[in-house]
K.L.:
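Let me give you the structure first, and then I'll get to my questions.
In the text below, chain A, chain B and the rest are named by the order of the sequence lines, each starting its count at 1.
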Number of protein chains: 2
Amino acid sequence: MKVSTKGRYALRIMLDLAMHNSGELVPLKDIARRQGITLKYMEQIISPLSKAGFVQSLRGSSGGYRLARNPSDYTVGSILRVLEGPLAPTACLETEINECPRAESCPTISFWNGLNKVINDYVDSVTLEDLVNEETALQSDYVI
Amino acid sequence: MKVSTKGRYALRIMLDLAMHNSGELVPLKDIARRQGITLKYMEQIISPLSKAGFVQSLRGSSGGYRLARNPSDYTVGSILRVLEGPLAPTACLETEINECPRAESCPTISFWNGLNKVINDYVDSVTLEDLVNEETALQSDYVI
DNA sequence: TACTTTCCTAGTGGTTTTATATGATTATAT
DNA sequence: ATATAATCATATAAAACCACTAGGAAAGTA
């Protein structure tokens with residue numbers, strides 16, 4: 001029942017971009033330095049986010065990444081799903097293909113359905129903007 | 001973010017015992033047959049449940065297992081945790097040893113804490129008795 | 001004793017995770 | 001044009017984890 005590092009790092013990358021959301025492009029090298037993750041590993045993580053249209057990119061000198069939308073338009077769940085796939089606690093809930101042949105008579109499936117719902121409802125109730133506000137508060141606490 | 005087969009099978013074993021909760025000992029062989037899981041694999045799953053005091057056992061002919069308490073006294077969460085360990089979505093929430101050095105300044109930890117809470121609150125809100133009632137209802141539906 | 005059932009330990013093939021490394025491609029600045 | 005700086009694509013690999021399989025010891029019953 002663990003979220004993988006890819007999912008966690010994706011969230012940190014997106015939050016880093018949200019904290020530097022001036023419209024300027026942010027080179028991945030800078031994010032890597034701030035977050036303490038190697039550039040090469042980050043490339044693997046941001047690539048699916050780029051393909052999913054979550055970030056805009058520009059190559060070349062003074063290139064980099066920036067958010068494609070407002071921080072409030074990203075739920076944490078939507079970010080995690082790009083890297084993790086469905087956040088379902090069992091495979092039988094993921095797709096119809098994976099559906100268990102005994103689903104109709106399964107006495108535990110409604111339990112798993114309920115768990116699936118509370119997980120997804122929660123991760124979709126928090127946006128990147130919420131995390132930005134939290135980080136801003138943390139930083140001002142630090143100054144005090 | 002998946003619950004392993006051990007956790008899912010543990011739940012099915014406990015539910016099977018709850019459905020046959022007459023006080024009689026139930027041989028694992030019978031559960032294995034009903035659930036379509038090999039005996040040898042089930043032994044590995046019920047062993048931690050036995051050591052945790054969740055089931056009582058007796059060896060030898062006409063031996064077997066039975067629940068140690070009433071079905072209403074087991075939350076699904078308590079059963080899953082025996083096989084899965086803590087149901088925390090990140091390692092840093094599991095133990096103080098795993099705590100991240102940057103926990104104090106981490107802008108995502110409160111998000112993960114919230115996810116941890118909704119997961120554990122939910123799994124502890126459902127008991128084995130609830131699943132027994134569900135299965136009984138399913139079976140009577142089937143008869144109709 | 002013969003049989004049944006739990007209990008204990010070890011091994012194994014496969015997949016996933018978590019990276020690291022190398023290099024190619026593309027775009028910008030000068 | 002050239003150098004620079006970034007994205008993009010693959011390949012590799014150690015380590016951990018998963019999902020079993022297997023053999024036999026111990027303990028209880030008939």
K.L.:
Hey, could you give me the CG/SG distance between Asn113(A) and Cys92(A), rounded to the nearest 0.5 Å?
P.N.:
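So the CG of Asn113(A) and the SG of Cys92(A) are separated by 8.0 Å.
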
K.L.:
Donor-acceptor pair, distance only, cut-off 3.5 Å: does the side chain of Arg66(B) make one with the backbone of Gly23(B)?
P.N.:
yes

K.L.:
Of all nucleotides in DNA chain C that come within under 4.0 Å of a heavy atom of chain B, which is furthest toward the 5' end and which toward the 3' end?
P.N.:
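So the outermost contacting nucleotides come out as dT4(C) to dA10(C).
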
K.L.:
Ignoring hydrogens and geometry, is there a side-chain-to-backbone donor-acceptor pair from Ser50(B) to Ile46(B) under 3.5 Å?
P.N.:
no

K.L.:
List in numerical order all residues of residues 78-93 of chain A for which some heavy atom is under 4.0 Å away from an atom belonging to DNA chain D.
P.N.:
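Of all residues in residues 78-93 of chain A, none places a heavy atom under 4.0 Å from DNA chain D.
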
K.L.:
Out of the candidates Leu28(B), Leu58(B), Leu25(B), Ile13(B), only one should pair with Tyr65(B) under the side-chain contact (heavy atoms from CB on, under 4.5 Å) rule; please name it.
P.N.:
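Option passing the side-chain contact (heavy atoms from CB on, under 4.5 Å) with Tyr65(B): Leu28(B).
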
K.L.:
Can you find a heavy atom in the side chain of Leu87(B) that is under 4.5 Å from one in the side chain of Val3(B)?
P.N.:
no

K.L.:
Determine whether Arg81(B) and Asn120(B) satisfy the following criterion, side-chain contact (heavy atoms from CB on, under 4.5 Å), listing intermediate values before the conclusion.
P.N.:
CA-CA 10 Å; Arg81(B) 276 184 218 100; Asn120(B) 282 280; 3.0 Å; yes

K.L.:
Hey, does Tyr122(A) have a side-chain heavy atom less than 4.5 Å from the side chain of Tyr122(B)?
P.N.:
no

K.L.:
Rounded to the Å, how far apart are Gln44(A) CD and dT10(D) C1'?
P.N.:
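Result: 10 Å.
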
K.L.:
How close do Asn98(A) and Ala91(A) get, heavy atom to heavy atom, and via which atoms?
P.N.:
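Answer, listing the atom of Asn98(A) first, then Ala91(A): CB-O, 3.2 Å.
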
K.L.:
Taking Asp130(A) for the side chain and Thr127(A) for the main chain, is one N or O donor matched with an acceptor at less than 3.5 Å?
P.N.:
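A pair under 3.5 Å: yes.
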
K.L.:
Counting only heavy atoms not in Gln56(A), do more than 12 fall under 6.0 Å of its CD?
P.N.:
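Count over threshold, so yes.
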
K.L.:
Would you say dA22(D) has OP1 or OP2 under 4.0 Å from some side-chain N or O of Tyr41(B)?
P.N.:
no

K.L.:
For residues 71-80 of chain A, please give each side-chain donor-acceptor pair under 3.5 Å, one per line with the distance, not counting sequence neighbours.
P.N.:
{"from": "Tyr74(A)", "atom 1": "OH", "to": "Phe54(A)", "atom 2": "O", "distance (Å)": "2.6"}
{"from": "Tyr74(A)", "atom 1": "OH", "to": "Ala68(A)", "atom 2": "N", "distance (Å)": "3.0"}
{"from": "Tyr74(A)", "atom 1": "OH", "to": "Arg69(A)", "atom 2": "N", "distance (Å)": "2.9"}
{"from": "Thr75(A)", "atom 1": "OG1", "to": "Ser78(A)", "atom 2": "N", "distance (Å)": "3.0"}
{"from": "Thr75(A)", "atom 1": "OG1", "to": "Ser78(A)", "atom 2": "OG", "distance (Å)": "3.4"}
{"from": "Thr75(A)", "atom 1": "OG1", "to": "Asp124(A)", "atom 2": "OD1", "distance (Å)": "2.9"}
{"from": "Ser78(A)", "atom 1": "OG", "to": "Thr75(A)", "atom 2": "N", "distance (Å)": "3.4"}
{"from": "Ser78(A)", "atom 1": "OG", "to": "Thr75(A)", "atom 2": "O", "distance (Å)": "2.7"}

K.L.:
At under 4.0 Å between heavy atoms, how does the protein contact nucleotides 2-9 of chain D? Give one character per nucleotide, 5' to 3', with B, S or -.
P.N.:
---BSBBB

K.L.:
Just how large is the angle between the end axes of the helix from dT1(C)-dA30(D) to dT30(C)-dA1(D), five pairs per end, to 10 degrees?
P.N.:
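Nearest ten degrees gives 10° for this helix.
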
K.L.:
What residue pairs, at least two apart or across chains, pass side chain to side chain donor-acceptor pair (under 3.5 Å) with a residue in residues 4-16 of chain A?
P.N.:
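Those involving residues 4-16 of chain A are Ser4(A)-Glu84(A), Thr5(A)-Tyr41(A), Arg12(A)-Gln35(A), Asp16(A)-His20(A), Asp16(A)-Arg34(A), Asp16(A)-Gln35(A).
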
K.L.:
Given atom CD1 of Ile37(B) and atom C1' of dC18(D), what is their separation to the nearest angstrom?
P.N.:
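Taking atom C1' of dC18(D) as the reference, CD1 of Ile37(B) is at 15 Å.
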
K.L.:
Is the backbone of Met1(A) close enough, under 3.5 Å, to the side chain of Lys2(B) for a donor and an acceptor to pair up by distance?
P.N.:
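Absent.
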
